[in-house]
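Only heavy atoms go into these numbers, but all of them, side chains included; no hydrogens, no water, no symmetry mates. Letters A, B, ... mirror the listed sequences (proteins, then strands); counts begin at 1.
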2 protein chains.
Amino acid sequence: MSTSRHDTGRPPGHAPERASGSARPVGDPLVATGPAGDPGPAAERLISERGIPEATVGRLPVYLRVLTALVERGVPTVSSEELAAAAGVGSAKLRKDLSHLGSYGVRGVGYEVSPLVAHISRELGLTQAWRVVIVGLGNLGRALASYGGFAERGMGVAALFDADPAVVGREVAGLVVRPMSELAAVVRAEGVVIGVLATPAAAAQGACDELVAAGVTGVLTFAPAVLSVPEGVDVRKVDLASELQILAFHEQRKAADAVRAAAPSGGGARAVARPARRRVGAAR
Amino acid sequence: MSTSRHDTGRPPGHAPERASGSARPVGDPLVATGPAGDPGPAAERLISERGIPEATVGRLPVYLRVLTALVERGVPTVSSEELAAAAGVGSAKLRKDLSHLGSYGVRGVGYEVSPLVAHISRELGLTQAWRVVIVGLGNLGRALASYGGFAERGMGVAALFDADPAVVGREVAGLVVRPMSELAAVVRAEGVVIGVLATPAAAAQGACDELVAAGVTGVLTFAPAVLSVPEGVDVRKVDLASELQILAFHEQRKAADAVRAAAPSGGGARAVARPARRRVGAAR
DNA sequence: TCGACTTTGTGCGCGCCTTCACAAGCGCCT
DNA sequence: AGGCGCTTGTGAAGGCGCGCACAAAGTCGA
């Protein structure tokens, strides 16, 4: 999921990827989280207490963003059709997604924006401010630390860590980079449960282990490496190089199609150009 | 986009080609082939010429990375079991994925690493060096431009663009940032077909339009915005804030589960701690 | 008050993806 | 040569997500 984006498959596909299960998207791509793999014999297969499908969860952030924009514009209600168009999905899918949260719509009218924003935020756990730690402050790590998009949505950066003594002590985005030796203490003290990995691939597993040992149970990694984690830890992977390679695959195919279309033989008669604009949704 | 998940658009038609056996992923409701004793009502379905499922494509980059590492270690062959473990997927899935590329495995032995690397590379289109342009050189854009993981895998950065006059002219990763006005000319001159968007959300659609107008047909965007593109253009979206929000959702659920497990009542009986290590796959 | 219109919520069918399980194929040892 | 064991390739089944299409439910106008 890259990624996953998952989707990301996410991404599926595209995109970001989930640990167990896909979105992907096209994106993602992407793998699933949680207790996926196990085919419990006959027993109870508690998918999720609230039974919100993973695919739906992956779209909630998008809906939330769109809805937030509507709130700022003072829009009181939206129809599923409008909201779906703005979010780049089909209206039926959107209605089904929202129905998993319980009914906040009014037939004949649409959805009330404010209550919906509140509900999705609560469902995503954004009513509390999650604090994350970033491990690895190379180019990407520094960019992430400085990225405003996190704080903007209830995700604050608690601390930064790096294994390189030359980086430790530097100030990035108002925080001083700390040595890995302090990681466990800070994570425990601050109650951090989500970590962001931006280390080189070779260091990713080690850093991940340290995060998990300290109590982190959710990891977002940018390292192009497969991570092993204990059951109960979620890993979402964003793999930039993979995303580009997937695009390259499609470009190559398009090029091949173009050649084939130009050539006379067989299946040249294809509907080639349809000028309609397509809304493209979120990965994965 | 992964994803997951699944995502971006799918390319229209495909060419005919007779796959011997029987496997037939009936996909797009497009065009008909002619002959072949089809009693079908009207149109026929064209199987994808090479019929590689999107989910499989999303995993190929991961396999490729693992295989490349094996090549460097001088490993001549691998079994599906070993390769799957290293890639974080199930062995059956891996075998099925590879079977879509044609058989490069030998029963009783495994897969020959070198030919497999060559084949996957060719399939992904990595035999040619794709050049990309990056639009938007804020924190993230600069990090991407400096990121070594691209060039490493046949993806080169051709040029950098930004709309901000204060950024234009600066040098990033050995390249001078150019104004948007030069985008079309450069894209055409260099034959670029893949663009990376790292602009603020508000500027994303405009920049995307410019890319598409110039001839780009594959876009990787990091902007938290829904993009509209014409048919035939692939978009993969990587949304950092969404990824974290999805992790937050799962963390919240785990916390709720923990509380429930602690409480006596009904459904507390879950297998909570299973110390087994899970391999966590990529994407999507 | 009643009817026409709008929009939600969802039952249903379809196709993709994943997983299981096993027959077929290949190398090696005897 | 022949049999044995290992590994691939794949048929079949199950799960999940998606989109259609429609009944239910609520609003608005007369």
Nearest to side-chain heavy atoms of B/Arg95, which nucleotide of C/dA21, D/dG26, C/dA24: C/dA21
My understanding is that only residues two or more places apart in sequence, or in another chain, count here; which of them pass salt bridge (Lys or Arg N to Asp or Glu O under 4.0 Å) with B/Glu251? B/Lys254
Could you measure the distance from the OG atom of A/Ser80 to the NZ atom of A/Lys96? Nearest 0.5 Å is fine. 12.5 Å
Of the candidates D/dA12, C/dT8, D/dC18, the side chain of B/Lys96 sits closest to D/dA12
Could you tell me which residues satisfy side-chain contact (heavy atoms from CB on, under 4.5 Å) with A/Val106, sequence neighbours excluded, listed by chain and number? A/Val109
Hits for side-chain contact (heavy atoms from CB on, under 4.5 Å) against A/Ala201, two or more places apart or cross-chain, chain-then-number order -> A/Pro224, A/Ala225
side-chain contact (heavy atoms from CB on, under 4.5 Å) filter on A/Thr56, not counting sequence neighbours, yields A/Ile52, A/Pro53, A/Arg59, A/Leu60, A/Asp97, A/His100
Residue A/Lys93, side-chain atoms from C-beta onward, closest of C/dG9, D/dG19, C/dC20: D/dG19
Under the side-chain hydrogen bond (donor to acceptor under 3.5 Å, both in side chains) rule, collect the residues that match up with A/Ser79, sequence neighbours excluded. A/Glu82
Tell me every residue that passes side-chain contact (heavy atoms from CB on, under 4.5 Å) with B/Pro76, counting only those two or more places apart in sequence or in another chain. none
Roughly how many Å is it from CD in A/Glu81 to P in D/dG19, rounded to a whole number? 13 Å
Starting at atom CG of B/Leu98, determine the distance to atom P of D/dG9, rounded to an integer number of angstrom. 8 Å
Between D/dC16 (P) and A/Asp97 (CG): distance, integer Å: 16 Å
Nearest-Å distance for atom pair CZ/P, residues A/Arg107 and D/dA24: 10 Å
Rounded to the nearest Å, what distance is computed from the OH atom of residue B/Tyr104 to the P atom of nucleotide D/dG9? 12 Å
Contact list please: residues 108-117 of chain B against DNA chain D, heavy atoms, distance less than 4.0 Å, in numerical order. B/Gly108, B/Val109, B/Gly110, B/Tyr111
Suppose we screen for salt bridge (Lys or Arg N to Asp or Glu O under 4.0 Å). Which residues come up paired with A/Arg95, at least two apart in sequence or across chains? none
Pick base, sugar-phosphate or nothing for B/Gly90, based on heavy-atom distances below 4.0 Å to the nucleic acid. nothing
Taking OP1 and OP2 of D/dT7, is either one under 4.0 Å from a side-chain nitrogen or oxygen of B/Ser80? no
Kindly calculate the angle separating the two end axes of the helix from C/dT1-D/dA30 to C/dT30-D/dA1, each obtained from five base pairs, and round it to 10 degrees. 0°
